[in-house]
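Read through the structure below, which is laid out as structure tokens, and then see the notes.
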Amino acid sequence: MASLFVEQRDGRQALAPSRRARERRGVWKRARRAVLPVLGVALLLAAWQWAAAGPVPVLPLASDTALTFLGMLATAEFWTATWDTLGTAMLGFAVASAIGIALGLFAGLNAYVFRASKVAIEVAKPIPAIVILPLMVLQLGASQSMVLALIMWALIPLLAVTTAAGVGDVDPLLLETAGSYRLRHVAKLRSVVLPSALPFIATGLRIGASLAIVIAVVGEIVGGAPGLGRQLEVYRQAGLPQTVFAYVIALGLLGVAIYYLLLALERRVLRWHESYRSSVKTGALGRRLSAAWAGAADRFWASRAGIHVEDIGVAAAKRRTARTANAPRKVRQVRSSSSGRGLVLQLVQVGVPIVLLVWWWFASSTSTSPFYPSLSTILEHFREMWIFDHFASDVVPSLSNFIGGFVLSVVLGITLGLVVARLHWLDQMLDPLITFFRSIPAVAFIPLLITLVGFGPSMRVASIVLAAIFPVLIATVDGVRSIDGTLGEVARSYRVSSIRRLFSIYLPAATPRIFSGIEIALAISLVVMIASELIGTSFGIGAQVARAQTDLAFADMWAGILLLSLIGLAFSIVFTASRRTILSWYFGARAAARAQ
Amino acid sequence: MTNENLATLHGRPAAAQGQTAAIPRLAVRDLSKSYGTGPAGKEVIRELNFEVAAGEFVCIVGPSGVGKTTLLKCLSGLLPVTSGEALIDGVRICEPPKEMALVFQDYTRSLMPWLTVEKNVLLPLRETGLRRSEMKHRLQESLAQVGLSDVLHKYPWQLSGGMQQRVAIARALAYRPEILLMDEPFASLDAQTRFDLEDLLLTLRRELNITVVFVTHDIDESVYLSDRIVVLGSAPCRTREIVDVPLGSTRNQIETRSRAEFSELRTHILTSVKAGALN
């Protein structure tokens with residue numbers, strides 16, 4: 001028996017590496033880290049140049065595009081457009097932040113306000129700004145104020161929710177300590193509540209700042225407001241693909257710059273916070289940052305959905321879960337179930353939205369304004385249009401593009417993510433490319449793809465995939481990377497094969513993160529679907545809304561907005577339900593960890 | 001090629017041919033382990049030597065942070081050694097050997113939270129080519145051995161800490177290891193649960209006749225459980241001394257722990273560990 005083992009293992013026997021060999025490997029490792037990212041970019045450019053010169057003639061040459069890009073940097077037109085985009089985004093961001101944070105503090109400190117706004121925010125959450133864009137264009141024209149209104153729509157709830165979540169996250173022990181030293185309301189707010197809520201607020205601000213740019217670009221591409229996005233559309237219509245590519249590249253680089261700037265700012269302001277004190281153990285620099293990004297995004301989406309997902313950084317998350325995550329929420333629950341106050345709160349939560357709806361119905365019933373038809377008229381048009389006339393011709397194609405693009409980006413994102421997470425060299429090679437591509441505002445892919453493949457369904461699906469694949473990919477890589485090393489060691493010590501390890505250890509362990517990525521992908525897919533239809537096509541829900549807008553058929557436009565909102569809401573509900581089912585082990589394990 | 005490499009190339013077959021009869025079940029020969037290379041590297045283990053005979057229960061004790069876990073990972077083939085070797089039946093360990101199972105300290109992190117108890121135990125068996133009925137049999141047998149026959153369809157996080165560690169032990173037992181490596185398996189349990197699991201382990205080991213290598217920082221536990229204790233000295237970790245524990249094969253938490261030999265051994269090892277920590 002023993003001799004058999006000798007023979008078996010002899011073949012596999014590895015020599016202990018000598019010191020020199022190990023040093024050589026260290027040098028090689030460092031060289032690889034420096035060379036691979038450059039190689040990745042170079043390979044992409046080479047492939048682009050080759051494809052444009054040969055099999056894909058619609059693609060402009062990489063070299064031509066580079067020259068156009070450099071030439072563009074020398075034009076005043078480019079810098080004016082950049083300033084328009086940035087200025088509008090910053091203004092909208094500043095105003096929305098002030099309002100949102102104030103509202104959030106108010107809602108976080110007052111249980112009645114919290115409950116009264118809860119349903120409205122839950123309903124508004126899956127409705128992207130682009131849904132109300134036709135309405136805003138009609139009211140305000142293709143102007144800066146139209147873009148500002150869109151930014152308000154998206155950012156105020158975001159900042160209100162993150163701020164309220166931050167206030168809810170304040171350690172009750174700290175509040176009691178402050179109380180024991182007889183600190184009054186304002187002092188308590190300033191010295192305990194605000195600093196404790198700051199990490200949440202900072203996350204909201206950082207996501208909000210990036211979002212403001214993205215929405216500004218949407219307003220420019222789809223709504224025609226001045227800025228980089230409009231330039232993109234203008235050059236697309238003029239048939240100058242090199243310039244379109246150059247503008248998309250500029251948008252991507254701008255996104256990367258803003259992302260790093262905000263991250264650095266946040267780190268500086270919050271260096272005292274535990275999730276920033278601990279260093280996240282990951283690979284390349286970009287990856288480390290994107291891990292933080294994914295963590296922050298998780299936290300934001302989770303707080304919106306009313307659940308808690310991993311915090312920034314794995315180590316920090318482990319330390320924090322038990323203490324901070326749900327203590328104040330528990331207090332709130334106990335308080336609300338203990339007395340008649342709980343019943344009142346329930347009534348407020350359900351009653352306020354009903355009162356608002358009833359008020360809309362009656363207030364609008366006598367409306368003579370062409371912009372704001374009565375709710376009953378809107379519902380009538382809704383029934384006529386979507387359930388009868390345009391169901392097969394518009395609703396079905398829209399939904400199939402949306403679902404097709406979304407499913408494709410989830411499947412490709414997870415598959416690629418698993419491969420990238422397991423192959424370090426590929427990760428290092430793709431790192432700058434991933435950082436760049438995911439910084440391009442989602443909607444900017446649409447004009448780009450129109451120049452390449454025209455207006456068909458393939459353009460729409462491809463735009464969705466290009467925009468929605470990155471959140472899934474990054475979440476998958478982070479999920480696999482953040483897996484507890486012990487689980488991998490357990491599997492290895494029991495000689496579980498690497499294929500089975502991938503599918504029964506790494507993939508399930510990554511699912512909580514992957515779902516956060518999928519949630520973002522779902523929101524992006526809807527936005528890109530609508531945008532791709534609003535930009536000059538003849539069929540689809542978005543195209544019908546655009547037609548109603550130009551025909552001044554306001555009730556039809558409202559009906560379209562209602563349908564798009566309902567689609568957003570329905571998919572969000574399905575998503576939340578499936579997450580609850582698939583991740584029941586995760587929520588159970590977390591609840592158990594918290595109870596200890 | 002360096003001398004080290006030559007030694008590993010030629011040393012092992014000679015030993016295997018020469019003294020077949022005296023080959024220990026498990027042997028550690030001049031084992032060294034460093035993390036990183038050059039001046040930034042950290043030497044964790046330096047030229048460690050000890051042996052474990054078949055059926056023996058050996059405890060490894062030492063000051064905390066001395067590299068006990070690293071040693072166990074080298075023994076189980078999870079970490080490559082820097083020089084020297086770990087041998088199982090005279091054969092060098094390069095990857096996790098199939099006659100070995102490892103039980104980790106942190107049960108909350110070593111059981112898959114998305115798998116039920118049943119699936120956790122079955123996971124290592126899925127690739128052994130066993131028939132379904134045999135897998136089922138082993139599952140039930142091993143859970144019965146640790147006294148957990150009724151939690152098959154529960155998730156690990158629905159169980160208490162002691163029960164979770166029992167599941168981890170059941171998973172190891174179902175794998176039918178000849179050698180069981182345990183890395184402070186009872187460190188994060190309360191005292192009563194720990195006593196129960198210690199006795200369970202002694203019973204299982206007697207019934208199944210497995211070889212156990214048990215890492216702990218608890219000196220009382222090491223004396224209570226083992227036939228022999230390897231005391232490690234502080235970083236970089238080296239063998240300080242090896243102590244026999246002649247307390248007989250049947251032990252009892254109250255009686256054994258109150259024997260004079262027990263406290264003598266305990267004092268001796270405690271002194272040795274403390275002195276080791278100072279060096």
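Throughout, a chain's letter reflects where its sequence line sits, starting with A, and its residues are numbered from 1.
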request  = Determine, for F104(B) and R109(B), whether the Lys NZ or Arg CZ falls below 6.0 Å from the six-membered ring centre while staying within 45 degrees of the axis.
outcome  = no
query = At a heavy-atom separation under 4.5 Å, does T511(A) approach chain B through its side chain, its backbone, both, or neither?
reply = neither
task = Answer with side chain, backbone, both or neither: which region of K119(B) has an atom nearer than 4.5 Å to a non-hydrogen atom of chain A?
result = neither
inquiry  = Does any backbone or side-chain atom of L111(B) lie under 4.5 Å from a heavy atom of chain A? Answer side chain, backbone, both or neither.
reply    = backbone
ask   = What is the ring orientation for F515(A) with F575(A), classed by angle as parallel under 30°, tilted 30 to 60°, or perpendicular over 60°?
value = tilted
remark   = For residues 498-506 of chain A against chain B, heavy atoms under 4.5 Å, the residues are R500(A), S504(A), I505(A)
key: Criterion side chain to side chain donor-acceptor pair (under 3.5 Å) against R25(B), the qualifying member of E51(B), E99(B), E178(B)   = E178(B)
Beyond-backbone contact of D106(B) with T486(A), side-chain heavy atoms, under 4.5 angstrom = no
query = Distance from I483(A) atom CD1 to D478(A) atom CG, nearest 0.5 Å?
reply = 13.5 Å
task = Nearest 0.5 Å please: distance from the CG atom of L125(B) over to the CD atom of E134(B).
result = 9.0 Å
query = Who among Q158(B), R171(B), M100(B), R126(B) has the most heavy-atom pairs with chain A under 4.5 Å?
reply = R171(B)
task = Among the options P113(B), P177(B), A172(B), S76(B), pick out the one with the most heavy-atom pairs lying under 4.5 Å from chain A.
result = P113(B)
request  = Not counting sequence neighbours, which residues clear side chain to side chain donor-acceptor pair (under 3.5 Å) with S142(B)? List them please.
outcome  = none
ask   = Got a donor-acceptor contact below 3.5 angstrom from the K33(B) side chain to the P80(B) backbone?
value = yes
